[in-house]
Amino acid sequence: MTRQQHPAEALGRHALSRRGFIRTAAQAGVAMGLASAVSACGGSGGGSGGAVTLQLWDTDTRPERTANLKKLISMFEAKNPGLRINYLGLPTDQYMQKINTAIATRSTPDLLTPKASDLAALVAQNALAPLDERLKKAGLEPQISEQMLKSSRAAAPDGKLYLTPTTSLADVIYYRADWFQEAGLKPPATWADFDAAASRLTDASSGRFGYTLRGGNGFFGQLVQMVYPRAGVSTFFREDGSSTLDDPAVIAACEKYVALFGKQTARSDLTADFKTMVAQFGNGGAAMLSHSIGSYPNHVAALGAEKVGAVAPFPGPDNQVLTGWMTTGFAMFQKSEHQEEAWKFLAYTMEPEGNSFWAQKSGYLPGNKTVAKEKWVTENAAMKAALDAAAKPGVVTLEQPYYLPEFTAITVTDLLPEWQKVLQGNLTPRDFLTAAASALTTAKRKYDKEHG
Amino acid sequence: MSSTTAEPVRRPPAARRPTGSRAGHAYLLIAPAVVLVLVFLFYPVLSVFWESLRHHNLTRPLDDGFAGLDNYRALLADELFWRSLRFTAQWVFVEVGLQFVLGLALALVLNRTFVGRGLARALAFSPWAVSGILTTTIWILLYNPTTGIGHYLASMGIGEYGTSLLSEPDTTFWALVIAELWKGIPFFAILILADLQSVPLELYEAANVDGAGPLRRFSAVTWPHIRKAVVIATLLRAVWEFNNVDLLYTMTAGGPAGSTTTLPLYVAQTAIHDQDFGYGSALTVTAFLLLTFASMVYLRISSGDSKEGK
C-alpha cells in the first residue's frame with residue numbers, strides 16, 4: 001500500500017529544503033546589507049582605478065542648500081580628478097544622534113557640516129580633527145577674515161580650529177530707507193539716532209511702528225544684538241567666569257530696549273518670531289528690524305532693494321561691539337582614513353573659487369578676503385554694512401559661548417518665558433538678567449571645572 | 001453477547017495536541033508576526049522606560065550613565081512640570097467638553113431633513129479632512145498682526161493695530177481653543193451623526209404618541225443610543241488633546257511666558273530642543289502612566305453608568 005503523505009509531513013519535508021533556502025538567502029542578505037552599510041554609512045573607501053571616495057554628512061538639508069552643496073562638490077571633483085564625494089543629508093532634528101552613534105561605533109564619515117553650537121559635544125568626544133596646522137601650511141590663514149577665524153576658534157571649547165571659517169553670518173539693523181527719506185531722517189548712525197527714529201516713525205493709529213522687537217522664539221540673539229553693543233560690553237564672561245549679563249551697563253541698555261515694547265513696537269511683538277518680524281517689516285508695519293545678514297533677500301523680495309537699508313550695530317560708550325558673527329563651515333573627522341583628501345575639500349571651500357560660489361549661494365559673508373571684494377558682496381547693503389563695520393579699527397566681536405553644553409537650553413527654552421514676563425511688565429529687566437547671568441555663570445564654572 | 005465496547009472516537013487531526021516538531025512549526029509560522037510586534041510595539045516603549053532611568057543628554061555625552069530614579073525626583077521638584085500638567089488638564093477639559101457639546105448640537109442639526117443637507121454635511125465635516133499643519137497655518141495667518149483679521153478690523157476702527165489674540169495674556173488660551181475647535185467639532189459630529197442614523201424612527205414615533213417633548217425624546221431615545229459612541233469619542237479625543245503638540249507648538253510654542261505649555265510640549269522642548277533624552281523620557285513615562293490611569297478610570301466610570309442605565 002502506498003502510504004499517503006500527510007499534508008503536515010509534506011510541509012515538514014518541504015520546510016527542510018526551504019530552511020536551506022532561507023539560510024542561504026539570509027546569509028546573502030546579511031552580506032549584502034553589511035556591504036551596503038559599510039559603503040553608505042560612514043567610512044570612506046578607495047574606488048576603482050585608485051580614486052578616493054569621501055563621505056560627507058550634511059546637517060542642514062534645505063532643498064536649495066543641498067542643490068548648491070552638490071554643485072560645489074561637483075566643482076571640486078572637476079578640479080580634483082580621482083576624488084569623489086558622496087553626499088548624505090541627515091535629518092535636521094536627529095543628526096546629532098546619528099553622528100554620536102557613528103562616533104561610538106567608529107563609523108564616522110570623512111566630512112561634516114557641523115553647526116557652531118555642535119562643536120562642544122563633538123570636540124568633547126575627540127571626534128574632529130584640528131585644522132590650525134593645515135591652514136598655516138597651506139598658506140590660507142592670511143587670506144581669511146580675522147573675525148571669522150576668531151569666531152571659528154571661539155566656538156570650540158579648547159580654542160582650536162575645527163570648523164572652517166568658510167562663511168559667516170553677522171547682525172545688522174535693517175531700516176526702511178524710503179520712510180527715513182520721507183521723514184527727512186538720515187540713516188541711523190548712533191543709538192540716539194535709533195531711539196529718535198523709532199519714536200518719530202511710530203504711528204500706531206495707522207499700524208506703523210518704529211521697530212519690531214523679537215519677543216518669541218529666538219529672542220536671545222536680538223537681545224544680545226541690541227544690548228551688548230549699546231552697553232559697550234564685548235565679552236560674555238568676566239575673567240572670574242561670571243556672566244556679564246548682570247553688568248550695570250547691560251542692564252541699563254536692556255531697560256532701554258524693553259522700553260520700546262508696546263510704544264515704538266506692536267504689542268503683538270510679545271510672541272514675534274523670525275517669520276512674524278519679517279512679515280511685519282515687509283508689510284509696512286515696522287520701520288526698523290534687527291536680524292542677521294541672512295534675511296536680506298527676504299526684505300528685498302518684499303520691498304525692493306531701494307527701500308531696504310542696513311547698518312551695523314552702533315558704537316557703544318567705549319568701542320564698537322559687533323554681534324552675530326557666527327561661522328558656518330565644514331569639518332573633518334579625526335578617524336578619517338583620507339585626511340589629506342578631506343583637507344583638500346575643506347581648503348577648496350576657503351579658496352576664492354569655492355568660497356565665492358558657496359558664500360554667494362548661501363547669502364553669507366565669504367571667509368576669503370579676496371571674495372569679500374567681489375561685486376555681489378559690495379552691492380548687498382547688509383553685507384557691506386557688516387564688512388565696513390568689521391574693517392573699522394578697534395572693533396571687537398562678541399563671541400557667544402556656544403561651547404557651553406547648556407547654552408542653548410538656557411537661552412532658548414528656559415529664558416523665553418521669563419523674557420516674555422519682562423515684556424508683559426511682570427518681571428524687571430534687572431531681575432531677569434540677574435537670574436540669566438546666574439544660570440550662565442553656573443554653566444560656565446561647571447564647564448571650566450570639567451575642562452581644567 | 002453483544003459487544004458494548006464503543007468504537008474509539010476519532011478526533012480530527014486539528015484537535016490533537018501538536019507534537020513537538022509540529023508545535024515548533026506553528027511557532028515558526030507565527031514568529032514573524034511576534035517579532036514584528038515585539039520590535040515595533042514593545043521595544044520603543046521599553047526603550048523609553050529604560051531611557052528614563054538614565055542620564056542621557058546629547059550635549060553632555062560624557063555624563064551618560066545610569067541615573068536610577070534621579071530623573072523622577074527632579075520631575076517632582078520641577079515647577080514647569082506641575083504647571084504644564086495643570087494647563088494640560090485645563091486644555092483637555094475645555095477642548096473635549098466644548099467639542100462634545102458643539103459636535104452633538106451640529107450632529108442633531110445635520111440629522112434633520114432640510115434642503116441642501118448633503119452640502120451642509122460636506123461643509124461641516126471638511127475641517128476634519130484638512131491636515132494638522134495646514135490648520136495651524138490657516139489660524140496663524142488669521143491671527144497674524146499684520147496680515148490677519150485683526151489688522152483688517154483695526155483698519156475699520158475695531159480694535160488696535162499691532163495686536164494679536166495670540167499675544168495677549170487674556171485671549172491666547174481662547175484663541176487656541178477656537179482654532180482647535182474648528183477641527184475637533186466635526187470629529188464628534190461625524191461619530192454622533194453615524195450613530196443617530198441607526199436610531200429606529202419607530203421609537204421617536206412612539207415617544208411622540210406618548211406626548212414626549214424634544215428634551216424627553218432626547219433623554220429617553222437619542223441619548224441611550226449614542227451614549228457608547230460618545231464615551232469612545234470623548235476618550236479618543238481626550239487622549240488626542242492630551243498629546244496635542246502640533247497646533248500648540250506651531251501657534252505659540254507654549255507661550256507667551258509659558259502660559260500654554262502642555263506636558264507633551266514640555267517633553268518636546270526638553271528632549272528635542274534641549275536634547276535631554278533622559279529627563280524627557282521620564283516626563284514621557286509619567287505622561288503615559290497618567291494617561292493610562294485616567295483612561296482606565298474613565299472607562300470604569302462609564303461602564304458603571306452603563307450598567308446602572310440598563
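Values in this document were obtained by computation on a predicted structure and should not be read as measured data.
In terms of non-hydrogen atom pairs under 4.5 Å with chain B, the most contact-rich of A/Gln280, A/Lys275, A/Glu418 is A/Gln280. Contact tally against chain B (heavy-atom pairs below 4.5 Å) for A/Asn426, A/Val412, A/Leu423, A/Leu416: the top residue is A/Val412. Comparing A/Ala272, A/Ala286, A/Ala104, A/Ser206 by heavy-atom pairs within less than 4.5 Å of chain B, the highest count is held by A/Ser206. Chosen from B/Ser164, B/Pro145, B/Pro256, the residue pairing most often with chain A at heavy-atom distances under 4.5 Å is B/Pro256.
Between A/Asn283 and B/Thr147 the shortest side-chain heavy-atom distance falls below 4.5 Å. Annotation: side chain of A/Gln424 is in contact with side chain of B/Pro169 (closest heavy-atom distance under 4.5 Å).
Only the backbone of A/Ala204 has a heavy atom closer than 4.5 Å to any heavy atom of chain B. For A/Ser205, the part lying near chain B is the backbone, with the side chain staying farther off; criterion is any non-hydrogen pair under 4.5 Å. Heavy atoms of B/Ala253 lying under 4.5 Å from chain A belong exclusively to its side chain.
Residue-environment remark: CZ (B/Phe66) exceeds the threshold of 12 foreign heavy atoms within 6.0 Å. Other residues, nucleotides and ligands contribute more than 12 heavy atoms inside 6.0 Å of the CZ atom of B/Phe49. For A/Lys444, the NZ atom sits in a packed shell: over 12 heavy atoms of surrounding residues, nucleotides or ligands are nearer than 6.0 Å. Summarising the local packing, OH of B/Tyr249 is surrounded by 12 or fewer heavy atoms from other residues, nucleotides or ligands at distances under 6.0 Å. No more than 12 heavy-atom neighbours from other residues, nucleotides or ligands sit within 6.0 angstrom of CD1 on B/Ile149.
Between atom NZ of residue A/Lys421 and atom OG of residue B/Ser259 there is a gap of 10.0 Å, rounded to the nearest 0.5 Å. Rounding to the nearest 0.5 Å gives a distance of 9.5 Å between OG1 of B/Thr252 and CG of A/Asn217. Separating the OG1 atom in B/Thr146 from the CZ atom in A/Phe281 is a distance of 12.5 Å, to the nearest 0.5 Å. Distance CD/B/Glu160 to OG/A/Ser268: 11.0 Å, rounded to 0.5 Å. Distance check: B/Thr163 OG1 to A/Asp269 CG gives 11.5 Å after rounding to the nearest 0.5 Å. Separation of atoms OH (B/Tyr143) and OG1 (A/Thr276) is listed at 15.0 Å; rounding is to 0.5 Å.
Taking both residues in full, the closest heavy atoms of A/Phe209 and B/Tyr161 are given as CZ-O, 4.0 Å, listed atom of the first, atom of the second, then distance.
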